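Presented below is the structure to which this report refers.
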Amino acid sequence: VTNEYGCTDSEEVVVTVYALPDVLANSNSPVCEGDDLELYGTSNSIIISWYWSGPNGFYSMDQNPIIPGVSLMAGGMYYLTVYDDNDCMSMDSTMVVVNPLPEIYTVTGGGFYCFGCFGLPIGLTGSEIGVEYTLLIDGVPDTVVQGTGNPIDFGSLKEIPGVYTVLATNVLTGCDV
């Protein structure tokens with residue numbers, strides 16, 4: 001610096017530039033409606049603060065938060081903001097998909113029958129295309145039928161006593177109910 005009389009002076013300053021912290025946002029997506037959504041934040045930097053935000057006003061300061069029993073509205077973009085030990089900030093995001101469960105229909109048939117007589121028909125009041133329906137007798141798989149969009153039956157009359165239930169599985173997403 002030179003003043004009006006020609007005198008000069010100088011001063012040194014040190015400027016330090018820190019690298020931004022690395023950060024990666026990830027999740028266990030896709031998940032089925034009702035499952036737990038797990039968000040993962042990773043970094044090789046020394047992270048002091050983790051801030052997650054997402055759909056439906058979701059907010060967490062955990063590095064790896066878990067959202068229990070998610071609804072379809074939990075699907076969307078999740079953002080992760082981190083601050084390192086130099087107060088430098090970085091962001092990343094991850095897209096979350098929440099797949100719906102198959103629609104629930106009523107199991108039809110059942111009742112009682114006499115030994116030596118014909119068994120009872122078992123069916124469903126409706127079905128979805130793209131959903132596989134497995135008839136379980138006391139929890140053991142018996143018959144598998146593909147959904148048609150209409151009521152379905154499970155074939156021959158059933159003569160095995162027990163508790164009959166149906167497992168519906170979306171063949172594309174694996175979501176079942």
Side-chain angles (χ1 to χ4, degrees), residues 11-107 123-136 139-152 154 164-177:
E11 183 150 337
E12 292 182 18
V13 292
V14 176
V15 175
T16 303
V17 178
Y18 295 110
L20 292 176
D22 66 312
V23 64
L24 177 63
N26 210 337
S27 75
N28 64 334
S29 175
V31 296
C32 297
E33 181 179 10
D35 287 349
D36 292 350
L37 173 62
E38 300 173 9
L39 299 172
Y40 310 113
T42 57
S43 177
N44 291 321
S45 303
I46 299 172
I47 302 299
I48 303 300
S49 302
W50 303 84
Y51 299 100
W52 283 95
S53 62
N56 297 321
F58 172 77
Y59 180 79
S60 176
M61 293 176 63
D62 294 335
Q63 178 180 354
N64 300 310
I66 296 174
I67 307 171
V70 294
S71 71
L72 293 175
M73 296 187 313
M77 192 65 73
Y78 284 78
Y79 300 93
L80 175 59
T81 303
V82 298
Y83 290 89
D84 69 7
D85 55 343
N86 296 312
D87 206 29
C88 294
M89 179 200 76
S90 283
M91 295 178 66
D92 195 23
S93 61
T94 185
M95 177 61 96
V96 167
V97 174
V98 179
N99 291 309
L101 296 174
E103 190 170 336
I104 297 175
Y105 295 98
T106 302
V107 178
L124 282 180
T125 57
S127 67
E128 289 180 80
I129 295 172
V131 175
E132 183 176 87
Y133 297 90
T134 304
L135 178 64
L136 306 169
V140 177
D142 179 73
T143 306
V144 177
V145 176
Q146 299 300 318
T148 62
N150 296 307
I152 58 174
F154 289 97
Y164 287 62
T165 55
V166 175
L167 175 67
T169 305
N170 184 303
V171 295
L172 293 178
T173 66
C175 295
D176 60 22
V177 64

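Values in this document were obtained by computation on a predicted structure and should not be read as measured data.
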Return each pair, listed once, that meets disulfide (SG to SG under 2.5 Å) where at least one residue sits in residues 11-81; pairs must be two or more places apart or across chains. C32-C175

When every non-hydrogen atom of E33 is compared with those of P100, the smallest separation belongs to OE1-CA, 3.6 Å

Test your reading of the model: is there a side-chain donor-acceptor pair from T94 to the backbone of Y78, 3.5 Å cut-off? no

Search all heavy atoms of M73 against all heavy atoms of P55 and return the closest pair with its distance. O-CB, 3.6 Å

Nearest 0.5 Å please: distance from the CG atom of D176 over to the CG atom of N170. 9.5 Å

4.5 Å side-chain heavy-atom contact, D36 and N28: no

Can you find a pair of side-chain heavy atoms, one from V107 and one from L124, that are under 4.5 Å apart? yes

Any side-chain heavy-atom pair from P21 and I47 closer than 4.5 angstrom? yes

Is there a side chain to side chain contact (heavy atoms under 4.5 Å, CB included) between N26 and T42 once you walk through the steps? CA-CA 8 Å; N26 210 337; T42 57; over 6 Å; no

Shortest non-hydrogen separation from G75 to V98 and the atoms involved: N-CG2, 3.7 Å

Backbone N or O of N86 within a donor-acceptor pair of the D84 side chain at under 3.5 Å? yes

Taking all atoms of both residues into account, what is the closest heavy-atom pair of Y18 and C88, and its distance? CB-SG, 3.8 Å

Close side-chain approach of L80 to V23, heavy-atom, < 4.5 Å: yes

Only residue of L135, V145, V166 satisfying side chain to side chain contact (heavy atoms under 4.5 Å, CB included) with I152 is V145

Side chain to side chain, E103 and V131, heavy atoms closer than 4.5 Å: no

Quick one: which residue pairs count as a side chain to side chain donor-acceptor pair (under 3.5 Å) with a foot in residues 48-76, not counting sequence neighbours? none

Evaluate side chain to side chain contact (heavy atoms under 4.5 Å, CB included) for V31 paired with E38, printing each intermediate quantity in order. CA-CA 9 Å; V31 296; E38 300 173 9; over 6 Å; no

Let me see the working for L37 and V96 under side chain to side chain contact (heavy atoms under 4.5 Å, CB included), right down to the final yes or no. CA-CA 9 Å; L37 173 62; V96 167; 3.8 Å; yes

Taking T106's backbone N and O only, do any of them form a donor-acceptor pair with T125's side chain (distance below 3.5 Å, no angle check)? yes

Polar side-chain atom of Y133 near backbone of E128 as donor-acceptor pair, under 3.5 Å: yes

Which heavy-atom pair separates E132 from Q146 by the least distance, and what is that distance? OE2-NE2, 3.1 Å

Indicate yes or no: at least one non-hydrogen side-chain atom of T165 is less than 4.5 angstrom from one of L167. no

Under a 4.5 Å cut-off applied to non-hydrogen side-chain atoms, are I67 and F58 in contact? yes

If only atom types and distance count, is the side chain of D22 paired as donor or acceptor with the main-chain N or O of S45 below 3.5 Å? yes

CG/L24: more than 12 non-hydrogen atoms of other groups inside 6.0 Å: yes

With a 4.5 Å cut-off on side-chain heavy atoms, are T134 and T169 touching? no

